[in-house]
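What follows is one structure encoded as structure tokens, with my remarks underneath.
One-based numbering, in listed order, for ligands and for the atoms of each.
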Amino acid sequence: MLRNNHFCWLLSYQLLLLTLILTGIEAVEVDRKEDFYIVFLKDNPANEESAFQRHIDVLSSLKGRDATESHVYSYTKIFNAFAAKLSQYEVHKLSSMDEVASVIPNRYRKLHTTRSWEFIGLPATAKRRLKGESNIIVGVFDTGVTPQSKSFKDDGLGPPPAKWKGSCHHFANFSGCNNKLIGARYFKLDKVPDPNDIMSPIDVHGHGTHTSSTLAGSMVPDASLFGLARGTARGAVPSARVAMYKVCWATSGCSDIDILAAFEAAIIDGVDIISISIGGLTGGYTTDVISVGAFHAMRKGILTVASAGNDGPNLNTVANHAPWVLTVAASGIDREFRSKVLLGNGRTVSGIGVNAFDPKQKLYPLAMGVDIAKSSDTRESSRYCSEGSMDPRKVKGKLVYCQLGSWGVDSVVKELGGIGTIIESDQFLDSAPIFMAPATIVNSSIGKSMNSYMHSDRLPSAVIYKSQEVKIKAPFIASFSSRGPNPGTKHLLKPDIAAPGIDILASYTPMKSLTGLKGDTQYSEFTLMSGTSMSCPHVGGAAAYVKSFHPDWSPSAIKSAIMTTARSMSSKVDREAEFAYGAGQVNPMKARSPGLVYDMDDMGYIQFLCHEGYNSSSVSSLLRQQVNCSTLIPATGEDAINYPTMQLGLKSDQEPTIGIFRRRVTNVGQAKSVYNATIRAPKGVDITVQPMTLSFTRPMQKRSFKVVVKAKPLSNAIILSGSLTWKSSRHIVRSPIVIYDPKVFD
Ligand SMILES: *[C@@H]1O[C@H](CO)[C@@H](O)[C@H](O)[C@H]1NC(C)=O
Ligand SMILES: *[C@@H]1O[C@H](CO)[C@@H](O)[C@H](O)[C@H]1NC(C)=O
Ligand SMILES: *[C@@H]1O[C@H](CO)[C@@H](O)[C@H](O)[C@H]1NC(C)=O
Ligand SMILES: *[C@@H]1O[C@H](CO)[C@@H](O)[C@H](O)[C@H]1NC(C)=O
Ligand SMILES: *[C@@H]1O[C@H](CO)[C@@H](O)[C@H](O)[C@H]1NC(C)=O
């Protein structure tokens with residue numbers, strides 16, 4: 001059932017969702033049933049001890065003496081919240097208490113897997129500021145880490161930076177840390193034992209080892225997967241330090257109570273960047289734990305980079321879309337892994353996937369799953385070669401042709417004594433799954449011609465060759481990468497940025513075979529994975545790289561630098577345009593020196609939330625202090641935020657919509673500089689900027705301008721793309737401006 005790891009998480013998440021729905025129904029009947037909740041309080045306690053006491057008091061007032069039994073965890077250092085096991089009735093009572101800001105159900109989320117750095121233009125020879133870089137600590141929230149991996153060798157690195165307050169120990173099956181991997185912790189607050197995992201920061205899954213080595217792995221020459229994707233494996237910032245916060249578990253996925261605890265730990269430990277390849281926004285910006293955690297991280301100067309999700313190409317699916325989070329889509333690089341299939345009639349067709357096996361025979365007999373069903377009852381499922389559907393005697397020694405129903409049919413066919421599998425699918429064709437036996441995926445037009453061959457030849461035969469690397473046109477956005485528009489607000493373009501996320505080679509765990517499938521005997525230090533999980537650490541790495549040059553820049557400044565310097569991508573390749581790629585492909589070297597930044601502090605984001613209609617009490621719960629939206633200076637303009645991109649939602653089907661965007665840029669380039677505006681407006685849209693020229697005489701000087709966008713109702717496009725670019729003699733600062741009709745997505 002499992003394929004690449006992100007699909008595996010996807011599947012387990014859906015199962016979980018199902019059980020959640022089921023338990024929800026049960027809860028109506030049996031009110032005693034308790035679930036985990038996170039309760040955020042309003043007040044700002046004097047210290048951790050009084051916060052903890054307050055949590056127990058609140059719980060006691062509800063439960064009497066049972067309080068300590070249902071109390072699970074207190075978040076007292078950064079947040080004022082606790083996790084507890086509560087019944088529906090108790091949740092109801094708590095929600096109405098004065099001191100309670102919000103009560104949110106604990107949810108289980110899914111994880112969203114060397115040449116990629118060269119491809120986006122950060123070669124190993126790129127200018128680096130090694131001293132700055134070795135002071136950078138990246139916090140990764142994931143499935144754990146493999147400490148003995150070559151990517152975490154600490155050659156040449158001194159002791160951790162003095163600001164580091166985190167910890168690492170020997171744990172079960174975990175040999176401890178070094179000067180590269182400086183922190184490792186795990187969070188499993190529900191205490192439900194996981195039979196497929198180990199209570200330790202060790203990575204039995206491979207995902208966390210992969211993401212953290214992509215972000216900041218040391219250089220490992222001659223890395224490959226069975227000779228494929230050969231090259232030097234490395235992170236963006238090979239001298240930066242890594243701290244792993246294991247919050248994702250093999251069976252249960254990643255739970256909110258653990259993620260919140262990891263945020264608190266990472267912020268206190270002193271990380272500089274947080275990279276989180278975990279899915280979902282399950283509440284508003286003030287109740288989703290990744291959004292809340294990232295907000296507090298931002299207040300402490302830490303940028304959170306998160307994956308946009310793997311729910312594309314459907315629109316309106318982008319996750320992790322809070323304005324203070326840098327949301328990353330997945331793009332493809334210029335290579336693909338393909339296998340040739342030779343048919344008995346001499347024709348050759350091409351399939352996708354990583355097949356590490358050289359054939360031993362010239363040709364093998366070929367059968368279609370649907371023709372070798374065990375019985376007439378299993379005929380339908382044998383079309384998909386499902387487990388138990390085929391007659392083993394007719395599989396033995398053959399290649400079997402199957403339609404894609406679920407992942408893992410390579411293992412099913414192999415177990416029955418088959419030689420290999422040719423899978424037909426028109427989906428998932430842009431990333432290469434790894435197979436445990438000879439296999440490849442062909443599209444339905446190839447499938448058609450194979451079908452006619454198989455039915456015209458009395459003894460059809462074929463052979464699948466070992467996969468090879470093939471050059472393809474790039475970049476483009478992965479079909480699986482989640483698309484905008486932003487389901488959270490019509491005023492914010494998401495995703496923000498794109499980075500490679502297809503067939504990325506990085507370190508892997510020795511504790512799992514490459515596919516995790518029954519019968520797989522393939523193990524490798526490095527493997528290929530695809531997903532926005534893989535693109536996220538590329539941008540986390542870019543952020544760490546920028547921060548190594550500018551340790552004092554705010555998270556918003558780093559985010560702006562990365563967005564305004566992105567390489568623009570083409571709506572000719574990706575029809576959904578900015579809804580697919582945001583500002584474009586990340587360009588770390590340019591992000592180091594953006595010229596101007598759109599900076600913001602926490603109050604700027606609060607003004608935005610007030611403008612969005614979040615009420616005072618929910619905004620206060622973010623800040624741990626009372627905020628009254630109606631007494632704040634209201635932010636002005638269409639979107640009330642100083643964001644590096646602009647998005648206008650049309651308001652009428654008849655009349656033109658006018659949006660006025662107010663922005664302020666800070667000069668981080670040469671003291672004396674002049675920027676001229678260049679506008680690109682799509683057909684039917686008027687865009688003007690005032691003033692057209694911005695002059696600066698000193699560093700950190702700020703200049704304001706306004707952009708007026710006047711757009712007619714759209715005829716049939718889902719998105720119109722324009723841009724504003726500020727150009728000086730040295731810098732290009734580009735902001736996409738998009739127009740769409742929100743009503744289409746209601
Ligand atoms: C973990 O360590 C224990 C005790 O040393 C050992 O028995 C077990 O096999 C190890 N597990 C894995 C998956 O390596
Ligand atoms: C099917 O795959 C072949 C080989 O990669 C390709 O040439 C062809 O365009 C594909 N057909 C469709 C409909 O995608
Ligand atoms: C504030 O908003 C939250 C979330 O939408 C809601 O539950 C709460 O009742 C609101 N509070 C007030 C005082 O309106
Ligand atoms: C916020 O301020 C307004 C205007 O000063 C006042 O009427 C309102 O009661 C205040 N709300 C809260 C929750 O303090
Ligand atoms: C900006 O515009 C002014 C006036 O049109 C021109 O003199 C100047 O060269 C321009 N600067 C740049 C960097 O394009």
*Sub-3.5 Å N/O-N/O distance, Asn615 and ligand 3*: yes
Contacts of type salt bridge (charged side-chain N to carboxylate O under 4.0 Å, His left out), residue [X], not counting sequence neighbours:
X	value
Asp197	Lys246
Lys414	none
Asp258	none

*Do NZ/NE/NH1/NH2 and the carboxylate oxygens of Asp520 and Lys518 come within less than 4.0 Å?*
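Result for this pair is no, no salt bridge flagged.
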*asked:* Please give me the minimum heavy-atom distance between Tyr675 and Gly595, naming the atom from each residue.
replied: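 The pair with the smallest heavy-atom distance is OH-CA, 3.3 Å.
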*Determine the minimum heavy-atom distance between Pro45 and Ala51, stating which atoms define it.*
CG-CB, 3.4 Å
*Going through the checks in order, is the ring pair (Phe, Tyr, Trp, His ring centres under 6.0 Å) test met by Phe263 and Phe141?*
CA-CA 9 Å; Phe263 266 109; Phe141 295 8; 4.9 Å; yes
*With only distance considered, is Asn676 within less than 3.5 Å of ligand 5 through an N or O on each side?*
yes
_Every residue of the protein that comes under 4.0 Å of ligand 1, judged on heavy atoms_ =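 Asn173, Ile198, Met511.
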